[in-house]
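Chain identifiers are assigned alphabetically (A, B, ...) following the order of the sequence lines, protein sequences preceding nucleic acid strands; residue numbering begins at 1 within each chain.
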There are 2 protein chains.
Amino acid sequence: MKQKDNKTEEAILQVARKAFIQKGLTGARMQDIADGAGINKALVHYYFESKEKLFALIFQQEFRKFFSNLAAVLSADICLFDKIQEIVALDIERISQFPDMPLFVLNEISRNPTMMVKQFKQLQAKNVLAGFQQQIDAEVKKGIIRKISAQQLLINIQSLSIFPFVAKPMIRKVMQMTEKQYQEMIQARKKEVAQFIINAIKA
Amino acid sequence: MKQKDNKTEEAILQVARKAFIQKGLTGARMQDIADGAGINKALVHYYFESKEKLFALIFQQEFRKFFSNLAAVLSADICLFDKIQEIVALDIERISQFPDMPLFVLNEISRNPTMMVKQFKQLQAKNVLAGFQQQIDAEVKKGIIRKISAQQLLINIQSLSIFPFVAKPMIRKVMQMTEKQYQEMIQARKKEVAQFIINAIKA
DNA sequence: ATCCAGTTTAACCAAATGGTTAAATTCCTG
DNA sequence: CAGGAATTTAACCATTTGGTTAAACTGGAT
């Protein structure tokens with residue numbers, strides 16, 4: 001048989017990813033994806049059956065990026081302040097590589113919350129969160145930090161890390177930033193955000 | 001002539017708002033909007049010409065909510081800590097009334113950044129930001145707060161206020177929250193977020 | 001009652017869209 | 001080289017979609 005070169009399949013995925021992220025499920029066009037990949041539209045269906053299937057695949061991939069390594073760091077056996085620094089650095093660096101991923105994922109989850117269900121079974125977030133809360137409580141007891149719930153702290157960390165990417169066009173316009181200035185602002189956050197959070201909770 | 005009752009026009013706007021916010025420009029269907037408003041599809045065009053015009057109108061309305069009163073508070077003659085508390089309270093309360101607005105606005109701006117340009121001419125954000133920076137610098141000089149740029153502080157405030165709404169379905173799933181628990185979490189943030197920020201910058 | 005502008009509808013339409021089919025091409029295997 | 005499975009294409013198809021048109025309706029003013 002003919003060698004199954006992933007080249008075509010890979011090209012489709014690459015173009016489709018860009019299309020779906022930029023225009024959403026309904027906005028993206030199968031014809032454009034085919035054209036972008038330099039192939040026939042029927043070939044897209046040959047490889048991925050339907051628009052929904054192709055979309056689901058890409059969503060799955062992006063979704064995994066969203067949580068990659070987060071659980072590991074949260075469960076790591078390091079002190080709270082280091083943990084915060086780790087999470088922030090991980091988040092910002094990861095998202096810097098896929099700047100459009102968060103808005104895409106959040107948007108599609110909001111449109112269709114059930115899509116997430118399958119992806120999420122393995123993540124058993126409940127234990128991770130409970131462990132994180134334990135660590136926080138211990139630090140509170142030692143008088144090192146103020147009282148705070150693991151939920152709120154985690155939301156704060158993720159908000160400060162992720163939101164600047166989600167709101168990039170808004171921020172650039174409101175603050176009249178060039179692309180370069182925006183990138184510098186993000187770089188600065190890599191250092192500042194963790195310290196901001198630590199200051200906020202330090203007793 | 002027949003009395004021009006805004007009833008029909010208003011009904012269309014209401015249904016269209018929900019449709020566009022939920023499904024986006026390409027996902028929403030004119031037929032569904034007409035059906036939802038209990039009228040003929042041609043009547044939607046009679047009142048609003050085209051899908052794009054109708055969408056632009058709704059985007060405009062939502063966009064204004066996004067920034068309502070923010071500039072006023074930022075320019076107000078009150079101390080920095082009070083200002084932070086004001087902004088957070090204003091943000092969270094306003095968005096609580098329109099929980100889907102931020103994701104919608106951010107999403108559509110990301111898809112089509114130019115749409116924002118017209119809306120934004122009047123906002124002259126540059127002056128407001130400069131004034132805010134002055135106030136910060138003054139407080140830094142007095143040794144009350146740590147050094148921070150107005151940009152970063154403002155982004156932090158908005159991140160902590162807005163992101164929990166943008167990520168609502170994600171948060172609810174990851175943290176296994178009921179709707180009620182989510183609402184309680186948001187209520188708690190009304191009080192906690194401002195204090196979190198103030199702690200973070202206090203010298 | 002008539003007129004008439006504003007309102008509403010049913011019936012259409014052209015274009016776009018996701019998807020299908022059957023034939024052609026490619027290239028490995030025997 | 002012949003056979004055949006995997007790959008690729010051009011031509012179609014049914015449906016959906018945004019939009020249009022011409023006719024009908026409504027209700028106040030003359």
Side-chain angles (χ1 to χ4, degrees), chain A residues 1-62 104 107-108 111-112 114-115, chain B residues 1-62 104 107-109 111-112 114-115 118:
Chain A
M1 73 184 115
K2 204 175 174 182
Q3 66 174 19
K4 183 169 185 181
D5 56 349
N6 302 356
K7 247 177 60 184
T8 306
E9 205 170 336
E10 203 47 58
I12 296 171
L13 274 174
Q14 195 180 318
V15 176
R17 174 172 299 111
K18 189 181 262 179
F20 282 135
I21 285 181
Q22 207 169 56
K23 307 182 179 181
L25 168 59
T26 53
R29 299 285 105 115
M30 294 297 267
Q31 187 64 60
D32 295 343
I33 293 171
D35 292 351
I39 53 161
N40 191 283
K41 187 177 53 153
L43 196 51
V44 182
H45 284 91
Y46 172 76
Y47 276 104
F48 298 96
E49 263 189 270
S50 71
K51 194 188 191 187
E52 270 71 26
K53 289 249 176 74
L54 177 56
F55 179 84
L57 202 67
I58 283 160
F59 173 79
Q60 191 182 26
Q61 294 176 353
E62 298 301 304
F104 170 70
N107 203 41
E108 298 304 332
R111 288 218 208 303
N112 182 4
T114 51
M115 190 178 294
Chain B
M1 71 184 115
K2 203 175 174 181
Q3 66 174 17
K4 183 170 186 180
D5 56 349
N6 301 357
K7 248 175 62 182
T8 305
E9 204 170 337
E10 203 48 56
I12 296 172
L13 274 174
Q14 194 181 318
V15 176
R17 174 172 299 112
K18 188 180 262 181
F20 282 136
I21 286 181
Q22 206 169 56
K23 306 181 179 180
L25 169 58
T26 52
R29 298 286 106 114
M30 292 297 267
Q31 187 62 60
D32 295 343
I33 293 171
D35 292 351
I39 52 161
N40 192 284
K41 187 177 54 152
L43 196 50
V44 181
H45 283 89
Y46 172 76
Y47 276 104
F48 298 97
E49 262 190 272
S50 71
K51 194 188 191 186
E52 270 71 27
K53 289 250 175 72
L54 177 55
F55 178 84
L57 202 65
I58 283 160
F59 173 80
Q60 190 183 25
Q61 294 176 353
E62 298 302 305
F104 170 70
N107 204 41
E108 297 304 333
I109 288 178
R111 289 219 210 299
N112 182 4
T114 51
M115 190 178 296
K118 289 172 209 155

Checklist line | Nearest heavy atoms of B:E108 and B:L25, plus distance in Å | finding: OE2-N, 3.9 Å

Note to self: From CD1 of B:I33 over to C1' of D:dG18, roughly how many Å is that when rounded to an integer?
What the structure shows: 11 Å

Margin query: For a quick test of reading the model: is some side-chain N or O of A:Y47 closer than 4.0 Å to OP1 or OP2 of D:dT8?
Written below: yes

Check: Starting at CD1 of B:I39 and ending at P of C:dT7, how long is that distance when rounded to a whole Å?
Finding: 12 Å

Next item on the list: Send over the distance from A:H45 NE2 to D:dT8 P, rounded to a whole Å.
Entry: 16 Å

Notebook entry, point to check: Can you tell me how far the CD1 atom of B:I33 sits from the CG atom of B:L54, to the nearest 0.5 Å?
Noted result: 5.5 Å

Next item on the list: Show your working on side chain to side chain contact (heavy atoms under 4.5 Å, CB included) between B:R111 and A:N107 and close with a plain yes or no.
Entry: CA-CA 12 Å; B:R111 289 219 210 299; A:N107 203 41; 3.5 Å; yes

Check: Side chains of A:D35 and A:Q31: is there a donor and an acceptor less than 3.5 Å apart?
Finding: yes

Next item on the list: Tell me the stems DNA chain C sits in, counting at least three consecutive Watson-Crick or G-U wobble pairs, each under 3.5 Å on both distances.
Entry: C:1-30 with D:1-30

Check: Just wondering, more than 12 heavy atoms not from B:Q60 lying within 6.0 Å of its CD?
Finding: yes

Next item on the list: Return no unless some side-chain N or O of A:S50 is found under 4.0 Å from OP1 or OP2 of C:dG18.
Entry: no

Margin query: Using modelled atom types and a 3.5 Å cut-off, is there a donor and acceptor pairing between side-chain atoms of A:K51 and backbone atoms of A:A28?
Written below: yes

Notebook entry, point to check: Whole-Å distance between C:dA15 P and A:M30 CE?
Noted result: 24 Å

Checklist line | Whole angstrom value for the distance that separates C1' of C:dA15 from NZ of B:K51 | finding: 14 Å

Notebook entry, point to check: Between C:dT8 atom P and B:F48 atom CZ, what is the distance in whole Å?
Noted result: 12 Å

Notebook entry, point to check: Tell me: CG of B:L43 to P of D:dG19, nearest whole Å?
Noted result: 15 Å

Next item on the list: Round to a whole Å and report the spacing from CD of B:Q31 to P of C:dC12.
Entry: 16 Å

Check: Which is true for A:A34 with a 4.0 Å heavy-atom rule: it touches a base, it touches only sugar-phosphate, or it touches nothing?
Finding: nothing

Next item on the list: Evaluate the side-chain proximity of A:R17 to A:E62: yes if any heavy-atom separation is below 4.5 Å, no if none is.
Entry: yes

Checklist line | Heavy-atom pair of closest approach, residues B:F104 and B:F59 | finding: CE2-CA, 4.1 Å

Notebook entry, point to check: Taking all non-hydrogen atoms of both residues, which atom of B:D32 and which atom of B:V15 are closest, and how far apart?
Noted result: O-CG1, 4.4 Å

Note to self: So if I define the base as every atom that isn't primed, P, OP1 or OP2, how would nucleotides 10-16 of chain D read as a B/S/- string at a heavy-atom cutoff under 4.0 Å?
What the structure shows: B------

